[in-house]
Novice: 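Before we start, here is the structure in question, set down as structure tokens.
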Protein chains: 2
Amino acid sequence: MEKTLRLKTAEIEKISHLDYFNIAISVDCVIFCYHEKKLKVLLIKSDLEEFEGLYSLLGDLIRPDEDLETASYRILKDRTGMDDVYLEQVQAFGSINRHPSGRVITIAYYSLIDIKHHKLQLSHHDLHWQPVNEIKKMAFDHKLILETCLARLQQQVMDYPIVFNLLPEKFSLRQLQELYEAILGFELDRRNFRKKISIKDWLVDIEEMENDVPHRPGKLYKLKPEFKKKGLKKKSISGKQQAVS
Amino acid sequence: MEKTLRLKTAEIEKISHLDYFNIAISVDCVIFCYHEKKLKVLLIKSDLEEFEGLYSLLGDLIRPDEDLETASYRILKDRTGMDDVYLEQVQAFGSINRHPSGRVITIAYYSLIDIKHHKLQLSHHDLHWQPVNEIKKMAFDHKLILETCLARLQQQVMDYPIVFNLLPEKFSLRQLQELYEAILGFELDRRNFRKKISIKDWLVDIEEMENDVPHRPGKLYKLKPEFKKKGLKKKSISGKQQAVS
DNA sequence: AATAAATATGTACCTACAACACATTAAAAT
DNA sequence: ATTTTAATGTGTTGTAGGTACATATTTATT
């Protein structure tokens, strides 16, 4: 930041039309949902001719009056009508030629939304929920961004209670396990999964049973209220507290 | 990226002097070293009047012809003369008012360098190695950035062989443990630490002994060659492979 | 030769995880 | 009404790793 440090406001204005400011900054959102037992991502058809027929993530340039999170939430709100969701920054992507029309550095976020709570104008906007494991090619470097965000989600999913946006209020352990399998991409042992989850102490047994299943109904659970919404707590290292200052 | 998507090059030029491009992008590097049994960070005295007397991280605006990593390595090279180091992106910081002179979004990297291998012009440039646990206030939001990067380093240090840049080629297990304690901020049990490290299988016993210590000398070790330089491998989840496509 | 201080290694206990088996319940089929 | 089916719910065992803790060994110092 040294060079920037030395700039007074007047100087900033002087160079603001120079090359340094010919870099645009965007936010791209990997919006996950869970539908038909699959993990899906919200995509939009690219209308850049370079990427004809390909889909891209939802994103937009950052506006001067909004910070990064605000920009991400704006995109989410615009596209899904929802803003009460889990959202996390993953990484910045800044290869020189990642955007064919100019230099654009993008900051990737992922979020998890309940497909039932939102009203998409899917018909209007070339918007499309695509199962993640069926995606082959995407516009820009968005395939890489998607994979990076998915990997991050997979890392966090067992440690933090973040996926409950993707399920209805009340759910069975089977539903939860199927969701985890969709996210992780492999099958889990039912007994071990239940043990793992019960140790976490994230759920409340609400003393109700499934009633719409064609077999023995399972118990229904809710996420404990203290974990609702943005429930990311950092794990402590080695059981002890770290100290910075 | 929808808006960006729709831009042709000509359109980009048209709006390139508008507000959207009045955001500057920088890279800030948290450069760690290990010296006198302390974890230290390379800082530079701020000469912004708003931050008189405070230090800031080393950073610079990103140039149009370089990607994010290149910019980080440039800063490292300029400031320390070294480019053969571990470097990792941590997070972007983009609060609206984080920079008093204008809108600057910054992408934070951290790196680990061996203080003995570099030639700083400490006297010239107001550069200064500051122990991390003695830092109280910094310019901009750099205290937050530092803490975020330190937390990331602390997360990774036990899982990946990344800290060996900070030690001489040959080192004893005691030296290594002291380094870990400096990074983590708390003491470790000697016997358990040695066990943990030996399980990792990162080190080679080079059949030499310390000879400059005023007590019983310990064995010396080297990092296995396959982990030299940038040795970050992602751990698999739950022992199985993930699949995206 | 005795002392001090650090190295080097080992044990016991507990927790977590993976692989695996069996009894129970409710719906569906006979 | 009884049997069958398919899922739920709960164990057990073996293994690996983590934490707490003790003892013997080696070198320099006194």
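Chain naming here is simple, since letters A, B, ... match the order of the sequence lines and numbering starts at 1 in each.
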Novice: Starting at CG of A:L176 and ending at P of D:dA7, how long is that distance when rounded to a whole Å?
Specialist: 18 Å
Novice: Decide salt bridge (charged side-chain N to carboxylate O under 4.0 Å, His left out) for A:R152 and A:E88; before the verdict, give the C-alpha distance in whole Å, the side-chain angles of both, and the deciding distance to 0.1 Å.
Specialist: CA-CA 10 Å; A:R152 178 75 132 259; A:E88 169 154 322; 3.7 Å; yes
Novice: CG of A:L173 versus P of D:dG9: gap in Å, rounded?
Specialist: 7 Å
Novice: Take the protein atom CG of B:L188 and the nucleotide atom C1' of D:dG17, then report the distance between them rounded to whole Å.
Specialist: 16 Å
Novice: Check the orientation of B:F164 and B:W202. Use parallel for under 30°, tilted for 30 to 60°, and perpendicular for over 60°.
Specialist: perpendicular
Novice: Give the rounded distance in Å between these two atoms: CD of A:E187 and C1' of C:dA19.
Specialist: 15 Å
Novice: Please report the distance, rounded to the nearest Å, between CZ in B:F186 and P in D:dT19.
Specialist: 9 Å
Novice: Can you list the steps and then say if B:C29 with B:Y110 is a side-chain contact (heavy atoms from CB on, under 4.5 Å)?
Specialist: CA-CA 5 Å; B:C29 293; B:Y110 82 84; over 6 Å; no
Novice: Where the side chain of B:K219 is concerned, which of D:dT10, C:dA8, C:dT7 is the nearest nucleotide?
Specialist: C:dA8
Novice: Determine, for nucleotides 20-30 of chain C in 5'-to-3' order, which nucleotides have protein heavy atoms under 4.0 Å from the base (write B), from only the sugar-phosphate (write S), or from neither (write -).
Specialist: BB--BBSS---
Novice: Would the B:Y180 and B:F193 ring centres measure less than 6.0 Å apart?
Specialist: yes
Novice: Ignoring hydrogens and angles, tell me if any N or O in the side chain of A:T106 forms a donor-acceptor pair with the backbone of A:F93 under 3.5 Å.
Specialist: no
Novice: I need the CD1-C1' distance between A:I199 and C:dA18, as an integer number of Å.
Specialist: 13 Å
Novice: Between B:D189 and B:N192 (side chain of the first, backbone of the second, donor and acceptor by atom type, cut-off under 3.5 Å), is there such a pair?
Specialist: yes
Novice: Roughly, in whole Å, what's the span from CE in A:M158 to C1' in C:dA16?
Specialist: 13 Å
Novice: In this structure, how many angstroms lie between the C1' atom of C:dT7 and the CG atom of B:D205, rounded?
Specialist: 13 Å
